[in-house]
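Numbered from 1 within each chain, the chains take letters A, B, ... in sequence-line order.
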Amino acid sequence: MTITKTLTDWYSVNKRDLPWRRTKNPYHIWLSEIILQQTQVNQGLPYYEVFVSNYPTIFDLANAKESAVLKLWQGLGYYSRARNLHTTAQYIVKELSGRFPDNYKALLKLKGVGDYTASAIASICFDEVCAVVDGNVYRVLSRYFGVKTPINSSIGQKEFKALAQQLIDKNNPAEFNQAIMDFGSRQCKPKSPDCSVCPLQNDCQAYINNSIANLPVKVKKTRVSKKHFNFLVFISHDNKTILEKRTQRGIWQNLYQFPLVETQSSIKYNEMKSHLKTFPITNNGYDRLSLFNKEDIIHKLSHQHLHTKFWIVEIEHLPKQSILIEKIRDYPVPVLLSNFIEAFNF
DNA sequence: AAGCCGGGGGT
DNA sequence: ACCCCAGGCTT
């Protein structure tokens, strides 16, 4: 039995019933694939339901405001996906009259759509024989064939793409692609895979050589940098506060935050007080400065640890760009801030 | 080729 | 503490 047949047989029995598997609508498949980039099914599932419900068609998404899209995306991370999603929806509506691209080459031109996503949409929606290579595919193939080429090298990416393309079921590329991904996700897991009941056990090179834990090979380690964030939570006597849009490139682009003072190290009350005096809006003084969290809140991103203090600044009057505190939940904010907003009783 | 971009979950 | 996730973009 070939690995192709084994995988599709396994899938026919173990296939999960997921909402994006009940449709071939390219708009819906595209939505699901963008949401699932670097995101596990269980985390992405509720977001998919929300997006389909709020934006039933690509026209609805194109007509939305970016901040509304980001608000629905809030908490999912990698926010460039949401920005690209919106941009691409507008592009398809305006330039392609709302007709979704229907082949790999054309799909690849869309912003936010790379080799994996173009292959997924082309195969699932249009039966194009295009093999997907995601984290699951790397793992299954590297173990089964004992391939030690690093999966995050350009040579490795080409090698695994060619291998997957060679194995794909040409009569049913959609089923094969989803089969190998589902298999990797639920059977051939990164840690403690279920080898004892694996249908590929007899031919799996990694299992035979007892090297399951060493495959796939991945080089480079992400270095984590440490940053110190001080957020200024202004509260005026007429129940307003200040939120700023992060317009610069980098994390959380186009999300909102309280005015931020980034420092090289953890600062104390008096140092914050000096910083505060340099703020134009405090020219007329403020009533009180207090620290919300005694211990730093350490917000861990994949490549940064954010040591965070929330400073409460009670103030008589705020300028016009301030917002009503009761409207604060309308704005898309990072999880770090939404956690604070929920914890702090304004 | 390497770095950047989130947040949640598993071990 | 470290790894991974239905990756893609920028430099």
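- A:Asp115 comes within contact range of the sugar-phosphate backbone alone, with a heavy-atom separation under 4.0 Å but no base atom that close.
- Among the protein residues, A:Leu76 comes within range of the nucleic acid bases, having at least one heavy atom under 4.0 Å from a base atom.
- Protein atom OH of A:Tyr47 is 13 Å distant from nucleotide atom P of B:dG6, rounded to whole Å.
- Contacts of A:Gln304 with the nucleic acid, taken as non-hydrogen atoms under 4.0 Å apart, involve only primed sugar atoms and P, OP1 or OP2.
- Computed from coordinates, the A:Asn42 CG to B:dG9 P distance equals 9 Å when rounded to whole Å.
- When heavy atoms are screened at a 4.0 angstrom cut-off, A:Lys111 is found touching the sugar-phosphate backbone but no base atom.
- A salt bridge is absent between A:Asp169 and A:Lys5: the closest approach of a Lys/Arg side-chain nitrogen to an acidic carboxylate oxygen does not fall below 4.0 angstrom.
- No contact: A:Gly184 has no heavy atom under 4.0 Å from any strand.
- Across the interface with DNA chain B, nearest-nucleotide mapping of A:Val219 and A:Gln38 shows A:Val219 to be the residue nearer the 5′ end.
- Residue A:Val113 is classed as a sugar-phosphate contact, given heavy-atom separations below 4.0 Å to backbone atoms only.
- Note on A:Trp20: a base of the nucleic acid sits closer than 4.0 angstrom, heavy atoms only.
- Taking OH of A:Tyr116 as the start and CD of A:Glu33 as the end, the distance is 3.5 Å to the nearest 0.5 Å.
- Using a 4.0 Å cut-off between charged nitrogen and carboxylate oxygen, A:Arg21 and A:Asp182 count as a salt-bridge pair.
- When heavy atoms are screened at a 4.0 angstrom cut-off, A:Arg83 is found touching no nucleic acid atom at all.
- The residue among A:Ile155 and A:Lys191 whose nearest nucleotide of DNA chain B lies closer to the 5′ end is A:Ile155.
- A straight line from NZ of A:Lys300 to C1' of B:dG8 spans 13 Å, rounded to a whole angstrom.
- First and last contacting nucleotides of DNA chain C toward chain A (any atom under 4.0 angstrom from a heavy atom, 5' to 3' order): C:dC4 to C:dT11.
- Heavy atoms of A:Ser80 sit nowhere under 4.0 angstrom from any nucleic acid atom.
- Straight-line distance from the NE2 atom of A:His305 to the P atom of B:dC5: 14 Å, rounded to whole Å.
- One can place CZ of A:Arg81 at 8 Å from C1' of B:dG6, the figure rounded to the nearest angstrom.
- Scanning DNA chain B for stems, defined as runs of 3 or more consecutive Watson-Crick or G-U wobble pairs whose donor-acceptor distances all fall under 3.5 Å, gives the following ranges: B:1-5 with C:7-11, B:7-11 with C:1-5.
- In this structure, A:Leu301 atom CG and B:dC5 atom P are separated by 9 Å, rounded to whole Å.
- Checking the phosphate oxygens (OP1, OP2) of B:dG6, no side-chain nitrogen or oxygen of A:His299 falls inside 4.0 Å.
- Taking atom P on both B:dC5 and C:dA6, the two are 23 Å apart, rounded to the nearest angstrom.
- To the nearest angstrom, P of B:dC5 lies 20 Å from CG of A:Leu85.
- Annotation: ring-ring contact (aromatic ring centres under 6.0 Å, His included) contacts of A:Tyr331 (sequence neighbours excluded): A:Tyr256.
- Among the protein residues, A:Thr117 comes within range of the sugar-phosphate backbone only, with heavy atoms under 4.0 Å from sugar or phosphate atoms but none that close to a base.
- Using a 4.0 Å heavy-atom criterion, one finds that A:Ser192 contacts the sugar-phosphate atoms exclusively.
- With respect to the salt-bridge test (charged N to carboxylate O, under 4.0 angstrom), the residues A:Glu128 and A:Lys170 do not qualify.
- OP1 or OP2 of B:dC5 sits under 4.0 Å from a side-chain N or O of A:His303.
- Protein atom CD of A:Gln37 is 15 Å distant from nucleotide atom C1' of B:dC4, rounded to whole Å.
- As rounded to the nearest Å, B:dG6 and C:dT10 have P atoms that lie 14 Å from one another.
- Between A:Lys189 and A:Asp194 there is a salt bridge, with a side-chain nitrogen of the basic residue lying less than 4.0 Å from a carboxylate oxygen of the acidic one.
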